[in-house]
Amino acid sequence: MITMDDIIREGHPTLRAVAKEVTFPISDEERQLGNEMMEFLENSQDPEKAEELDLRGGVGLAAPQVNVSKRMTAVLVPSDDPDSDEPVFKDVLYNPKILSHSVKDACLGEGEGCLSVDRDVPGYVVRHDKITLRYFDADGNKHKVRLREYPAIVVQHEIDHLNGVMFYDHINEDNPFALNDGVLVIE
């Protein structure tokens, strides 16, 4: 089981490396890692388990964050509907790739955080509002999905990890809260 102790922090060289493609069929170790990354997200979103295991809440966890430089990430975006247990998006993504994206940009009003970053980094992280994503599941099946707003931002954050990019690389150093016209701010 993955805990916060297994997650490497900013400054570790693996977080700045471009991760290698996963080849299919995937190994038992890669399948197990994907399952454990998803289990971490599930536990981190369960208030009792998160407290018991001392986990920070997360919606995405990329393999490089546990010091495995492979193009795989788990994403679990919970429903914002209090009457639904069905997540907005949940899967382990192998070799994810953004095929297309909107011209319109979006950012989170409260900024972004990261399990590999133990400090608050204020500022807007501007990303694409909508993306078309292609990825493979653990069995090698190809998926193509369209995501918008928060789930799209989460997936872009995770794909950045696979390319050695940290979220704060996108923040305007001179004016962290500067935005171009037309950028959607998601509260």
Side-chain angles (χ1 to χ4, degrees), residues 4 7-20 37 40-41 44-45 50 55-67 69-82 87-93 95-135 144-187:
M4 290 303 296
I7 296 175
I8 59 176
R9 302 307 204 273
E10 62 180 321
H12 193 290
T14 301
L15 291 173
R16 289 299 188 178
V18 175
K20 294 188 172 26
M37 291 192 310
F40 174 92
L41 297 178
S44 81
Q45 292 180 23
L55 305 178
R56 284 175 42 204
V59 290
L61 182 62
Q65 292 180 272
V66 292
N67 204 19
S69 193
K70 293 190 177 177
R71 299 188 76 77
M72 51 187 287
T73 180
V75 175
L76 175 53
V77 179
S79 174
D80 50 10
D81 176 357
V88 174
F89 185 72
K90 177 182 180 179
D91 213 342
V92 179
L93 319 177
N95 299 335
K97 182 177 172 100
I98 295 171
L99 300 176
S100 63
H101 59 78
S102 61
V103 173
K104 182 176 180 142
D105 288 331
C107 65
L108 301 179
E110 60 192 31
E112 290 186 20
C114 179
L115 294 166
S116 293
V117 178
D118 291 330
R119 60 193 173 97
D120 186 36
V121 184
Y124 289 134
V125 181
V126 178
R127 300 186 182 278
H128 305 299
D129 179 44
K130 295 177 185 156
I131 61 170
T132 300
L133 173 71
R134 186 199 68 214
Y135 68 93
K144 186 174 165 184
V145 295
R146 288 187 177 86
L147 300 171
R148 57 191 297 266
E149 297 182 357
Y150 185 62
I153 286 172
V154 171
V155 167
Q156 289 171 83
H157 177 115
E158 296 310 314
I159 289 176
D160 271 357
H161 277 304
L162 306 181
N163 294 320
V165 176
M166 300 295 283
F167 75 92
Y168 48 75
D169 296 344
H170 296 283
I171 297 174
N172 181 325
E173 282 185 35
D174 298 328
N175 188 350
F177 292 99
L179 283 178
N180 292 332
D181 289 343
V183 174
L184 174 67
V185 179
I186 301 167
E187 298 297 342

Please tabulate, for the side chains in residues 73-82, all donor-acceptor contacts under 3.5 angstrom to protein atoms that are two or more places apart in sequence or on a different chain.
{"residue": "Thr73", "atom": "OG1", "partner": "Leu61", "partner atom": "O", "Å": "3.1"}
{"residue": "Thr73", "atom": "OG1", "partner": "Glu158", "partner atom": "OE1", "Å": "3.4"}
{"residue": "Ser79", "atom": "OG", "partner": "Asp81", "partner atom": "N", "Å": "2.9"}
{"residue": "Asp81", "atom": "OD1", "partner": "Asp83", "partner atom": "N", "Å": "2.8"}

With a 4.5 Å heavy-atom cut-off, do [X] and [Y] have their side chains touching?
X	Y	value
Asp105	Asp129	no
His170	Glu112	no
His157	Val125	no
Val117	Phe167	yes

Which heavy atom of [X] sits nearest a heavy atom of [Y], and at what distance?
X	Y	value
Leu162	Ala62	CD2-CB, 4.1 Å
Pro122	Ile171	O-CD1, 3.8 Å
Leu115	Gly60	CD1-O, 3.9 Å

Residue list, salt bridge (Lys or Arg N to Asp or Glu O under 4.0 Å) with [X], at least two apart or on another chain:
X	answer
Arg71	Glu21
Arg9	Asp118
Lys104	none

Query raised in the report: So which pairs with a foot in residues 171-187 pass side-chain hydrogen bond (donor to acceptor under 3.5 Å, both in side chains), sequence neighbours left out?
Result: none
Query raised in the report: Taking the six-membered ring for Trp, are Phe177 and Tyr124 parallel (under 30°), tilted (30 to 60°) or perpendicular (over 60°)?
Result: perpendicular
Give a yes or no on whether the backbone of [Y] and the side-chain of [X] come within a donor-acceptor separation of less than 3.5 Å.
X	Y	answer
Arg148	Lys130	no
Arg127	Leu108	no
Ser116	Gln65	no

Report summary line: Rounded to the nearest 0.5 angstrom, the CG-CE distance for Leu15 and Met166 is 5.0 Å
Report task. Using the test ring pair (Phe, Tyr, Trp, His ring centres under 6.0 Å), find all partners of His101 that sit at least two apart in sequence or belong to another chain. Result -> His128
